[in-house]
*Asks:* 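Below you'll find the structure I mean.
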Amino acid sequence: MSRKINWGIIGLGKIAHKFAEDLLLHVDANLYAVASRSLAKAESFSKQFHSETFYGSYRTLTEDPKIDVVYIATPHVFHYENTMMCLEAGKAVLCEKAFGMNSKEVEKMIAKAEEKKVFLMEALWTRFIPATEKVLELLNSGLIGDLKTLRADFGFKADFDPEKRLFNKKLGGGSLLDIGIYPIFLSLLTLGIPKKMKASAVMSFTGVDKSVMMLFDYESNQTAILDSSLVVSTPGEAWFHGDKGSLKLYPKFHQAKQISFYKDQELKETYRINYKGNGYFHEIKEVIDCLKVGKTESEKMPHIFSLNLMHILDRVRAEIGLSYWEESE
Ligand SMILES: NC(=O)c1ccc[n+]([C@@H]2O[C@H](COP(=O)([O-])OP(=O)(O)OC[C@H]3O[C@@H](n4cnc5c(N)ncnc54)[C@H](OP(=O)(O)O)[C@@H]3O)[C@@H](O)[C@H]2O)c1
């Protein structure tokens, strides 16, 4: 495909605004259409980001023949339904994390993408930022020897509103699926699938987890100590400890701009690695690069990775006794 890629966005909330800013930075991206449940909201978003058209229904957007790829930015509980609708219409999909509510949903989304032979990827943008690429390179180079332990956290003090998606069970609320997914993602990327896990959560009266602590054990005696919180603000750093040194990914590992190398607690070197725009530029580039050569999945964020990630989230939820109403259906 030599022309620009026509993007559609559905669900015009907070992240959709940040994402649209980065879409405008890519020379091969054209923000073609946006859709909201409210036509007025779609029109206002369209004016702000100069999309060619706008719709007051998600389905109508997927029926537009000019759309190449749809970015889904609705709350997690709708990811399955929205993704299936786009794939059914033959549209490529970039869907926000958490990809679905459980691994059954993710399995069906992947099966549908394979059946329709269209591109599907989870919008786990941290995978694509240059600092993540650099930390993988440093770990593979043997700089810190054999990786033994990962410690990573993601916590912020969220405004409590039982109706809004962070604490609302009907909208897939809770810290685990919203931000706990980031440290788990990093553990899966660098250590693989845990052999054993322990997890403990503090629950909100709305029935979702306010915070979760997780301890993962791996076959080769490696460990990961991870946590997420919607109650307290935490450093958000990731520390990789090996038998020859440590690497710190910071200031917030999910949007890192620096990596420091320590030996015996002594700082040896700091690498400064910025990302472009709000950081979403890099996942946008990945999608465009894949679509241009006709790929139906990304090698950096393949379907199996998203499925394994969701399996781990399922296992943590089983440990903390958190299930969502959708799963009983
Ligand atoms: N990658 C990242 O850095 C990042 C950051 C934040 C969030 N996220 C992910 O992006 C998704 C959206 O998060 P957000 O913070 O943008 O949420 P948000 O501000 O609440 O926006 C979600 C949008 O979804 C649509 N929606 C459809 N049905 C809805 C319903 N019943 N209730 C509420 N909204 C509904 C609404 O758009 P319309 O009114 O236009 O239809 C709403 O504006 C989540 O899955 C989250 O995990 C990712």
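Every number for a ligand or one of its atoms is a count from 1 in the order of the listing.
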*Asks:* So that I know where these two stand, are H26 and F281 an aromatic pair - ring centroids less than 6.0 Å apart?
*Replies:* yes
*Asks:* Using a 4.0 Å heavy-atom threshold (strictly under), name the region of D178 that reaches ligand 1: side chain, backbone, both or neither.
*Replies:*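 Answer for D178: side chain.
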*Asks:* Return yes when P75 approaches ligand 1 closer than 4.0 angstrom through a heavy atom, no otherwise.
*Replies:*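 Yes, P75 has a heavy atom closer than 4.0 Å to ligand 1.
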*Asks:* May I ask you to identify the nearest protein heavy atom to atom 37 (O) of ligand 1, giving residue, atom name and distance to one decimal place in Å?
*Replies:*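 Protein heavy atom at minimum distance: L12 N, 3.2 Å.
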*Asks:* For atom 4 (C) of ligand 1, find the nearest protein heavy atom and state the residue, atom name and distance (0.1 Å precision).
*Replies:*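 Residue, atom and distance for the closest contact: I15 CD1, 3.4 Å.
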*Asks:* What residue and atom, counting heavy atoms only, is the protein's closest point to atom 22 (C) of ligand 1, and at what distance?
*Replies:* A73 O, 3.6 Å
*Asks:* Measure the distance from atom 45 (O) of ligand 1 to every protein heavy atom, then report the residue, atom name and distance (to 0.1 Å) of the closest one.
*Replies:* H76 ND1, 2.9 Å
*Asks:* Heavy-atom contacts under 4.0 Å between L177 and ligand 1: side chain, backbone, both, or neither?
*Replies:*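 For L177, no heavy atom sits under 4.0 Å from ligand 1.
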*Asks:* Looking only at side-chain N and O atoms, does S211 offer a donor or acceptor that is under 3.5 Å from a partner on S229?
*Replies:* no
*Asks:* I would like to know whether D28 and R3 meet salt bridge (Lys or Arg N to Asp or Glu O under 4.0 Å); could you show each step before the answer?
*Replies:* CA-CA 7 Å; D28 282 330; R3 62 168 173 82; over 6 Å; no
*Asks:* If you measure from CZ on F119 to CG on L94, what distance do you get to the nearest 0.5 Å?
*Replies:* 7.0 Å
*Asks:* Which distance, rounded to the nearest 0.5 Å, do you find between the CG of L247 and the CG of L150?
*Replies:*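 These two atoms lie 11.0 Å from each other.
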*Asks:* Salt bridge check, E283 against R127: does any charged N sit closer than 4.0 Å to a carboxylate O?
*Replies:*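 Result for this pair is no, no salt bridge flagged.
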*Asks:* Nearest protein heavy atom to atom 15 (O) of ligand 1, by residue and atom, and its distance?
*Replies:* R165 NH2, 3.0 Å
*Asks:* Which one of F19, F78, W125 has a non-hydrogen atom at the shortest distance from atom 31 (N) of ligand 1?
*Replies:* F78
*Asks:* Give the single entry among R37, K18, E96 that approaches atom 29 (C) of ligand 1 most closely by any heavy atom.
*Replies:*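 Ranked by closest heavy atom to atom 29 (C) of ligand 1, first place is R37.
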*Asks:* How far is atom 40 (O) of ligand 1 from the closest protein heavy atom, and which atom is that?
*Replies:*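 In this structure, atom 40 (O) of ligand 1 has S36 OG, 2.7 Å as its nearest protein heavy atom.
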*Asks:* Heavy atoms only: which of E122, H254, K41, K14 lies closest to atom 18 (P) of ligand 1?
*Replies:*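 Considering heavy atoms of E122, H254, K41, K14, the nearest to atom 18 (P) of ligand 1 sits in K14.
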*Asks:* Could you check whether D289 pairs with K292 (Lys NZ or Arg NE/NH1/NH2 to Asp/Glu carboxylate O, under 4.0 Å)?
*Replies:* no
*Asks:* Give me the residue, atom name and distance of the protein heavy atom closest to atom 21 (O) of ligand 1.
*Replies:* G13 CA, 3.3 Å
*Asks:* To the nearest 0.5 Å, what is the distance between CD on E122 and CE on M310?
*Replies:* 6.5 Å
*Asks:* Which part of H79 is near ligand 1, with near meaning a heavy atom under 4.0 Å away: side chain, backbone, both or neither?
*Replies:*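 For H79, only side-chain atoms sit under 4.0 Å from ligand 1.
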*Asks:* With clusters defined by side-chain heavy atoms of hydrophobic residues (ILVMFWY) lying less than 4.5 Å apart, directly or transitively, does I273 cluster with L139?
*Replies:*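 Yes.
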*Asks:* When hydrophobic residues are tied together by side-chain contacts of less than 4.5 Å, even through go-betweens, does L191 share a cluster with L215?
*Replies:*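 No; tracing contacts between hydrophobic side chains, which count when under 4.5 Å, never links both residues.
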*Asks:* For atom 8 (N) of ligand 1, state which one of H17, Q255, K97 supplies the nearest heavy atom.
*Replies:* K97
*Asks:* Have a look at Y58, Y182, Y280, Y71 and point out the one with the heavy atom closest to atom 26 (N) of ligand 1.
*Replies:*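 That would be Y58.
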*Asks:* Between E319 and R315, is the closest basic N to carboxylate O distance under 4.0 Å?
*Replies:*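 Salt bridge between R315 and E319, a charged N being under 4.0 Å from a carboxylate O: no.
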*Asks:* Which protein heavy atom lies closest to atom 11 (C) of ligand 1, and at what distance to 0.1 Å?
*Replies:*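 Residue, atom and distance for the closest contact: T74 O, 3.2 Å.
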